[in-house]
*Asks:* 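Below are the structure tokens for one structure; questions will follow.
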Amino acid sequence: MKRLVVLPAVLMLLLAACSQAPAPAPAQPQAAGGDAAAVTSERCGDPSKLSDSVNFYNWSDYIDPEILTMFEEECGVKVVYDTFSSNEDLLAKLQAGATGYDIIVPSDYMVSIMVQLGLLKELDHANIPNLANLAERFRNAPYDPGNKYSAAYQWGATGIGYDADVVTTPPDSLAVLFDPEQAAQYAGKISLLNDAREAIGAALKYLGYSINSTDPAQLEEAKQVLLAIKPYVLTFDSDTFGDLLVSGETALALGWNGTIYLAMSENEGRNLGFAVPKEGMAVFTDNLAVPASAPNPYTAEVLINYLLDPEIGAMITNYTLFPSPNEAALPLIAEEIKNAPNLNPSEEMMANVEYIQDVGEATALYERIWTEIKAQ
Ligand code: N2P
């Protein structure tokens, strides 16, 4: 999704082109060190150390674009913004040698994998005092205790989005997706996340196994579950499943809570719901991190600190509707978001959920199964 890239320079050129003035001289390359004169805020770190631009690679629909404009205006740093749709896509991009990214947003288990592969830079906490705004459980998460490599950005849970005009009994079980008889009732109106760990993980949960199973026999069973209902699946999609529910192209979506809530809140005329299945589901924390190869690591840390500001943290959640790990931001988050049922999973629901974890060597097996499911 490219719509978030803000291009003041292009606007200036357009304006110049419209005026009668002689054509401007070609732009001079800017000196390293950014445009310190443009810094108008305390939130920009040491202006003399800022780069001209910073490259931010995030999940789709995961920030209020206004925040990028604010950072550009306050700090005089252009944010080059691009998006990805799964942890595996992000990893593949980095492993293929993409070296331009300054900030990436891996989930919990992918932080572990990237640390092991030496792909992340250790954060300089002196540049990120706002780490203190994170709730304790995000400052000492098992995948990165003490925020050595990452800072929590948003968290959430996977569940079932549904169109209550079509699925008239609110689903309480993954059987609505994975029991072929039930799924057949919604043939061609089902979307599943385009995500190996999420989709195979949900099938494992349906079977009563761990979302992190490494048992080849259990994984084979999960594959058979997915293959049996695949004829009824319209699409594997992690970017537009909310829109597909709104338009009526689907009636059921295995998807993330914030995305479904956004679809619900923007379309109150539509009778949409979000269900947490009784088998339990995945929860995730997505984290800001700096690749070891980042060209502008200082500016990346300044932007991470900016995103952890309480005001900005609240803007993020008020826009994405995913829960915030930023404790200092909570007073600024809209009450209806904090009180939405299922959006902030209750203790009871949390008892039944699992974090996706690094499954080590079994990752290759998940990948093979996923390729086979997608290919058939
Ligand atoms: C929202 C992205 C949610 C991230 N489009 C899930 N890890």
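Order of listing sets the numbers, starting from 1, for every ligand and every atom in it.
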*Asks:* Could you list, one pair per line, each nitrogen or oxygen of ligand 1 together with any protein nitrogen or oxygen closer than 3.5 Å, giving atom names and the distance rounded to 0.1 Å?
*Replies:*
residue, atom, partner, partner atom, Å
ligand 1, 5 (N), Ser60, O, 2.5
ligand 1, 7 (N), Asp286, OD1, 3.2
ligand 1, 7 (N), Asp286, OD2, 2.9

*Asks:* Quick check on the 6.0 Å ring-centre criterion: do Phe236 and Trp370 meet it?
*Replies:*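 Yes - the distance between ring centres of Phe236 and Trp370 falls below the 6.0 Å cut-off.
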*Asks:* Using only atom types and a distance under 3.5 Å, with no angle test, would you say the side chain of Ser213 pairs donor to acceptor with the backbone of Ser210?
*Replies:*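 Such a contact is absent between Ser213 side chain and Ser210 backbone.
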*Asks:* Is the distance between the ring centroids of Tyr355 and Tyr143 under 6.0 Å?
*Replies:*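 No, the ring of Tyr143 stays outside the 6.0 Å limit from the ring of Tyr355, centre to centre.
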*Asks:* Taking the six-membered ring for Trp, is the centroid-to-centroid distance between Phe84 and Tyr57 below 6.0 Å?
*Replies:*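 Yes, ring centres under 6.0 Å apart.
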*Asks:* Phe178 vs Tyr206 aromatic rings, parallel, tilted or perpendicular, using cut-offs 30° and 60°?
*Replies:*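 Phe178 vs Tyr206 ring planes: tilted.
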*Asks:* Answer whether the closest heavy-atom distance between the side chains of Val176 and Tyr186 falls below 4.5 Å.
*Replies:* yes
